[in-house]
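It should be emphasised that the depicted structure is a prediction, and the values quoted were computed from it without experimental measurement.
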Amino acid sequence: MRSSLVLLVVLFAAPAFAEEKAAPPTDPQIADIVLTANTIDIDRGKVALSKTKNAEVKQFAQQMIDDHGASNKEAVALATRLGVKPETNATSKSLKDGAKKAAARLKKESGAKFDKDYIDTEVAYHQAVIDAVKDVLIPNAQNKDLKQLLTDAVPTFEGHLQHAKNVQSQLGAKTATK
């Protein structure tokens, strides 16, 4: 299942990022990608809070809502200060399309199956986001404040990835012992 989730993330994100590499994203496009990526995780966290009974999954989901909400506030404040209007682009559209598919799948699931799928999705998603931020967004950001915002966000996203992997491991151990 995990490899299919990674494949899903790669399939919906890779074509858009490849297109962005051909035509590097502008700062307004980067702003939209950041807002889109954060909003996806906030929305998915809200779904998780409404569906799971697992304390570790609930704690992780709440952290996603809180941290990505704070990240969006910072990004909006920076865009407003710089007079940058986020611009929809192939990457943000691709992220939204992939998120809709994942949300539809997650909404149909419940219990341990939901918990595992949600966390597996979060592991793959955070790895893809970290790679995109490091390999595409930071190198192409023109504004130094935007570049710094992205650079400062990487450790938080890496912390989310590690947290998700820890929960994933706990869920795997519970599944294996049943």
Side-chain angles (χ1 to χ4, degrees), residues 1-21 24-25 29-48 52 54 56-72 74-75 89-106 109 113-141 146-147 149-173 175:
M1 177 72 157
R2 185 191 310 160
S3 61
S4 64
L5 290 172
V6 172
L7 180 61
L8 176 66
V9 170
V10 170
L11 287 175
F12 79 75
F17 283 120
E19 186 174 319
E20 297 297 342
K21 285 182 181 180
Q29 291 170 335
I30 291 171
D32 194 63
I33 293 165
V34 169
L35 293 171
T36 299
N38 281 325
T39 301
I40 287 167
D41 233 359
I42 292 166
D43 293 346
R44 217 172 1 236
K46 289 176 181 177
V47 169
T52 190
N54 182 296
E56 290 91 3
V57 174
K58 278 187 187 242
Q59 196 271 338
F60 178 81
Q62 187 62 57
Q63 182 183 14
M64 295 307 96
I65 294 166
D66 295 345
D67 289 357
H68 288 283
S71 181
N72 261 359
E74 285 181 58
N89 55 82
T91 299
S92 58
K93 286 179 186 175
S94 180
L95 289 170
K96 288 175 188 173
D97 291 344
K100 285 179 188 173
K101 291 175 186 170
R105 187 186 70 247
L106 288 168
E109 296 173 350
K113 183 176 181 179
F114 170 84
D115 293 343
K116 182 172 179 354
D117 192 4
Y118 169 66
I119 293 298
D120 288 349
T121 299
E122 286 295 301
V123 167
Y125 187 71
H126 277 86
Q127 187 61 64
V129 167
I130 290 165
D131 292 345
V133 169
K134 288 180 174 180
D135 299 341
V136 178
L137 303 184
I138 291 172
N140 288 296
L146 177 59
K147 190 176 290 256
L149 178 79
L150 293 165
T151 301
D152 291 346
V154 170
T156 300
F157 297 153
E158 289 173 338
H160 292 168
L161 175 61
Q162 189 56 52
H163 187 179
K165 285 181 177 181
N166 291 343
V167 175
Q168 186 181 52
S169 175
Q170 292 171 8
L171 293 175
T175 302

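Judged purely by distance below 3.5 Å, without hydrogens or angles, the side chains of His163 and Gln59 pair a donor atom with an acceptor atom.
The minimum heavy-atom distance linking Ile138 with Lys147 is given by the pair O-NZ, 2.8 Å. When all heavy atoms of Ala61 and Gly45 are compared, the closest pair comes out as CB-O, 3.5 Å. Of all the heavy atoms in Leu150 and Val34, the pair that sits closest is CD2-CG2, 3.5 Å. Contact detail for Ala102 and Arg44: the closest heavy-atom pair is CB-NH1, 3.8 Å. Annotation for Ala75 and Leu149: closest pair CA-CD2, 3.9 Å, computed over non-hydrogen atoms. In terms of heavy atoms, Leu137 sits closest to Ile30 at O-CD1, 3.6 Å.
Residue Lys165 holds its NZ atom at 6.0 Å from CD of Gln162, rounded to the nearest 0.5 Å. The OH atom of Tyr125 sits 11.5 Å away from the OH atom of Tyr118 when rounded to the nearest 0.5 Å. Annotation: the span from Asn89 atom CG to Ile33 atom CD1 amounts to 4.0 Å, rounded to 0.5 Å. A distance of 11.5 Å separates CD1 in Ile119 from OG in Ser169, rounded to the nearest 0.5 Å.
Using a distance-only test at 3.5 Å, with no hydrogens or angles considered, no donor-acceptor pair links the side chain of Asp117 to the main chain of Lys113. Without hydrogens or angle criteria, Ser71 side chain to Asp67 main chain gives no donor-acceptor distance under 3.5 Å.
When each of Lys134, Gln127, His126 is paired with Glu158, the side chain to side chain donor-acceptor pair (under 3.5 Å) condition holds for Lys134 and for no other. None of Asp43, Thr156, Asp41 except one satisfies the side chain to side chain donor-acceptor pair (under 3.5 Å) rule with His68; the exception is Asp41.
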